[in-house]
Amino acid sequence: LCCSPLRAEPPADGDAIPLFDGRSFTGWVMTDGSPVNDGWEVVNGMMHLKPVAGPRPGAIRTTAAFQNFELEFEWRVAAGGNSGVKYRAREADSPFGRHFFGCEYQLLDDAGHKNGRTPEKTAGSLYDLYPADPAAKQLRPEGQFNHGKIVCDDGRIEHWLNGRKVVEAVIGSDEWIARRQQSKLAGVAGLGEGSGVILLQEHLSEAWFRNLRLTRLGKGNAADR
């Protein structure tokens with residue numbers, strides 16, 4: 001398979017970038033760099049991951065890489081659905097083979113999927129590392145769109161769900177190291193460090209995405225040139 005190199009965006013503090021134009025997959029490719037396949041479609045201003053009936057369509061990623069940013073997006077999954085938004089994702093070797101690995105904002109129907117019983121795998125969580133704060137979390141019912149926000153500012157990471165901060169983590173902290181060692185991501189070198197792509201996961205579930213906008217933060221962006 002032909003793989004295209006990651007294209008890094010130049011720094012521009014405070015500029016909001018629409019990652020999705022509502023009409024096409026411009027700026028998005030399959031993980032191997034090929035055009036987005038027909039398992040995905042654009043309909044009514046949304047990216048729609050169709051129900052799986054045959055070969056899995058696979059995840060899609062941005063052609064550009066980003067390091068420090070605020071990413072806002074709206075999402076929903078079908079009943080019992082599971083998906084995710086990976087960020088600072090890069091291709092890397094691991095005990096699971098060579099794949100795109102990064103931090104992941106979990107998207108889930110908590111009530112209808114088995115992962116809803118594992119705090120670190122519920123909606124809004126930093127997948128398999130940090131659970132979404134149940135006291136702050138307000139997940140909308142299945143069938144309604146939720147608003148997500150991811151903040152990456154050097155080592156600081158935040159996840160927001162429907163206007164409330166539900167995760168805060170610091171890459172490289174003692175807590176981060178301990179949680180990584182206990183997770184299935186322990187063998188992935190450099191997880192969440194430096195720049196990487198935004199990736200929309202395909203996990204055998206129908207999903208919808210809209211209004212994806214990224215604002216670059218100043219620190220660290222020079223490394224993305």
Under 3.5 Å: donor-acceptor pair, side chain of Arg90, backbone of Ser195
yes
For Ser125 and Pro119, indicate whether the former's side chain and the latter's backbone hold a donor-acceptor pair under 3.5 Å.
yes
Any side-chain donor-acceptor pair under 3.5 Å between His48 and Glu41?
yes
Test item: Asp128 side-chain N/O and Lys184 main-chain N/O as donor-acceptor pair under 3.5 Å:
yes
Taken to the nearest 0.5 Å, the spacing of Asp21 CG from Trp28 CH2 works out to 11.5 Å
Nearest 0.5 Å, what's the CG-CD distance between Leu161 and Gln106?
11.5 Å
Backbone N/O of Val166 and side chain of Asp133: donor-acceptor pair under 3.5 Å:
no
Stacked cation flag Arg216 on Phe69, 6.0 angstrom / 45 deg:
no
Side-chain (Trp40) to main-chain (Gly58) donor-acceptor, under 3.5 angstrom
yes
Given the side-chain rings of Tyr127 and His159, with only the six-membered ring counted for Trp, is the space between their centroids under 6.0 Å?
no
Between Glu202 and the options Arg56, Lys86, Lys50, the salt bridge (charged side-chain N to carboxylate O under 4.0 Å, His left out) test singles out Arg56
Main-chain N/O of Ile60 paired to Thr31 side chain as donor or acceptor, under 3.5 Å:
no
Can you give me the closest heavy-atom contact between Val77 and Leu108, atom names plus distance?
CG2-C, 3.9 Å
Arg164: which residues meet the salt bridge (charged side-chain N to carboxylate O under 4.0 Å, His left out) condition with it, sequence neighbours left out?
none
Any Lys/Arg nitrogen of Glu72 or Lys149 sitting under 4.0 Å from an Asp/Glu carboxylate oxygen of the other?
no
With ring centroids as reference points, do Tyr105 and Phe73 lie under 6.0 angstrom apart?
yes
Strictly distance-based, threshold 3.5 Å: is any side-chain N or O of His99 a donor or acceptor partner for the main-chain N or O of Phe101?
no
Checking Arg180 side chain against Val188 main chain: does a donor-acceptor pair fall under 3.5 Å?
yes
Can you find a pair of side-chain heavy atoms, one from Val151 and one from Leu71, that are under 4.5 Å apart?
no
Determine yes or no for a side-chain-to-main-chain donor-acceptor pair under 3.5 angstrom, with Trp208 supplying the side chain and Glu74 the backbone.
no
Separation between CZ (Arg88) and SG (Cys152), nearest 0.5 Å, reads 4.0 Å
Which value, rounded to the nearest 0.5 Å, describes the distance between Ile150 atom CD1 and Ile157 atom CD1?
9.0 Å
If the condition is side-chain contact (heavy atoms from CB on, under 4.5 Å), which residues does Gln144 pass it with, not counting sequence neighbours?
Arg140, Pro141
Under 3.5 Å: donor-acceptor pair, side chain of Ser34, backbone of Asp32
no
Heavy-atom pair with the smallest gap, counting every atom of Val167 and Ala132:
CG2-CA, 3.9 Å
Out of curiosity, Trp75 CH2 to Arg210 CZ, how far, rounded to the nearest 0.5 Å?
12.5 Å
When you compare the side chains of Asn115 and Thr118, does any donor N or O come within less than 3.5 Å of an acceptor on the partner?
no
Is Arg179 positioned over the aromatic face of Tyr130, cation under 6.0 angstrom from the ring centre and no more than 45 degrees off axis?
yes
Mind running side chain to side chain donor-acceptor pair (under 3.5 Å) on Asn162 and Gln138 for me, showing each step along the way?
CA-CA 7 Å; Asn162 295 324; Gln138 292 186 344; over 6 Å; no
Would you mind reporting whether Phe20 and Thr62 have side-chain heavy atoms less than 4.5 Å apart?
no
Should Leu191 and Leu129 count as side-chain neighbours, where that means a heavy-atom distance under 4.5 Å?
yes
I need the Phe145 CZ to Met46 CE distance, nearest 0.5 Å.
5.0 Å
Shortest non-hydrogen contact from Leu139 to Ala123?
CD1-CB, 3.9 Å
